[in-house]
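Working notes, structure below.
Throughout, protein chains are lettered first and strands after them, A, B, ... in sequence-line order, and every chain is numbered starting at 1.
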Protein chains: 2
Amino acid sequence: MLGTVFNMIPSGENWKTQIRKGYIELCVLLLIRAHTRIYGFDLIEKLSVSELAVKEGTLYPLLSRMTTDGLLSANWEMEAVKGHPRKFYSLTRAGNRALDEMVGEFERMVRTFERLAQAEKGTK
Amino acid sequence: MLGTVFNMIPSGENWKTQIRKGYIELCVLLLIRAHTRIYGFDLIEKLSVSELAVKEGTLYPLLSRMTTDGLLSANWEMEAVKGHPRKFYSLTRAGNRALDEMVGEFERMVRTFERLAQAEKGTK
DNA sequence: GATAAAGCATAGCCATGCTAGGTACTGTGT
DNA sequence: ACACAGTACCTAGCATGGCTATGCTTTATC
């Protein structure tokens, strides 16, 4: 029971989801570092401005995971007296190191991609 | 029983696997198109030359999937009289279209990454 | 006092990469 | 004659992250 949750993604287009794996984590860490400290809802806005749409169901578990893994530190804060409480995140030292590693790896991937795409044009 | 298959990947380094998802498919398609037709074992060699290590347990299921999805066409061939039979793959029309889409999407991701990484330096 | 919006959270599905095996054939050394 | 390494392909099962769908609370608006 519970049945088949009907699939929104047309078969053969899974790559659109798959290729985001890891990449979203990288971009989120970049944004957090750029802002020093930032909260979830704001992150979603800033990412969408960067043409990177990220759903809440994606972001919040991601932030939790990274906090558990020691990459982020989290603090509840009240903006002045009124307003909703917000959970602010910032990079730990381990988070900084991890991000540097990820940036390096992603740059390597981009170089490999460009070499392959270039080789392709050469053969055509 | 069967117990916990002991984890080779240190916790908190899952991103190294996750960030490859989709990316490997993209690179494999690029290589196949560049060579017009190519077989699995050769692909693994050519990828490793490109500093992109891909295991057999990753590549063969991937090639099968893409064939099932209609992105690739596969043909068994005997090299002359002797030698082992090899399965040669090449792009279908749908495979070509899909690859073009993936290239476009990856290039967008790279631009977004670069913008975020740049913004970061600006704030520092 | 109903509705929308800000803000966080979770359960469960699914596809992909990886581990760890397996098969079959050829060539080389002893 | 036999072991072994290399070529070449294949598969079951696990772990993981993104997504869908849903739920909660508080403030602001009408």
- Message: Just checking B:Y23 against A:Y23, ring centres under 6.0 Å apart?
- Response: no
- Item | C:dA9 OP1/OP2 closer than 4.0 Å to side-chain N/O of A:K87 | yes
- Message: In whole Å, I'd like the distance from the CD atom of B:E25 to the C1' atom of C:dT16.
- Response: 9 Å
- Item | Residue-phosphate contact under 4.0 Å: A:R86 side-chain N/O, C:dC8 OP1/OP2 | no
- Residue B:H84, side-chain atoms from C-beta onward, closest of D:dT7, D:dT26, C:dC8: D:dT7
- For B:K21, report the nucleic acid contact type (base, sugar-phosphate, nothing); a contact means any heavy atom under 4.0 Å. base
- Note on the structure: By ring pair (Phe, Tyr, Trp, His ring centres under 6.0 Å), A:Y89 pairs with (sequence neighbours left out) none
- Between CD1 of B:I38 and P of D:dA8 the distance, given in whole Å, is 11 Å
- Query: Are B:E77 and B:R37 ion-paired here, with the side-chain N under 4.0 Å from a carboxylate O?
  - Reply: yes
- Message: Quick check on the helix from C:dG1-D:dC30 to C:dT30-D:dA1: what's the angle between its two end axes, five base pairs per end, to the nearest 10°?
- Response: 0°
- Message: Just to verify, what does A:Y60 make a ring pair (Phe, Tyr, Trp, His ring centres under 6.0 Å) with, not counting sequence neighbours?
- Response: none
- Query: Can you list every pair that meets salt bridge (Lys or Arg N to Asp or Glu O under 4.0 Å) and has a residue in residues 94-105 of chain B, with sequence neighbours left out?
  - Reply: A:K16-B:E101, B:R33-B:D100, B:E105-B:R108
- Distance, rounded to the nearest Å, where A:D42 contributes CG and C:dG7 contributes P: 8 Å
- Message: Nearest to the side chain of B:K55, heavy atoms from C-beta on, is which of C:dA9, C:dT19, D:dT20?
- Response: C:dT19
- Item | Residue-phosphate contact under 4.0 Å: B:Y39 side-chain N/O, D:dA8 OP1/OP2 | yes
- When rounded to whole Å, the CE to C1' distance for the pair A:M66 and D:dT16 reads 15 Å
- Query: Does B:N14 make a side-chain N or O approach to OP1 or OP2 of D:dG17 shorter than 4.0 Å?
  - Reply: yes
- Message: If you take any heavy atom closer than 4.0 Å to DNA chain D, which residues from residues 57-64 of chain B end up in contact?
- Response: B:G57, B:Y60, B:P61
- Task: Quick one: list whatever passes side chain to side chain donor-acceptor pair (under 3.5 Å) with B:R65, sequence neighbours left out.
- Result: none
- Query: Picking from D:dT16, D:dC10, C:dC18, which would you name as closest to the side chain of B:Q18?
  - Reply: D:dT16
- Item | Distance in angstrom units between A:R65 CZ and C:dC8 P, rounded | 17 Å
- Task: Using whole Å, report how far CZ of A:F41 lies from P of D:dT25.
- Result: 18 Å
- Query: Does a donor on one side chain and an acceptor on the other come within less than 3.5 Å for A:T92 and A:S73?
  - Reply: no
- Item | Separation of C:dT16 P from B:L71 CG (nearest whole Å) | 11 Å
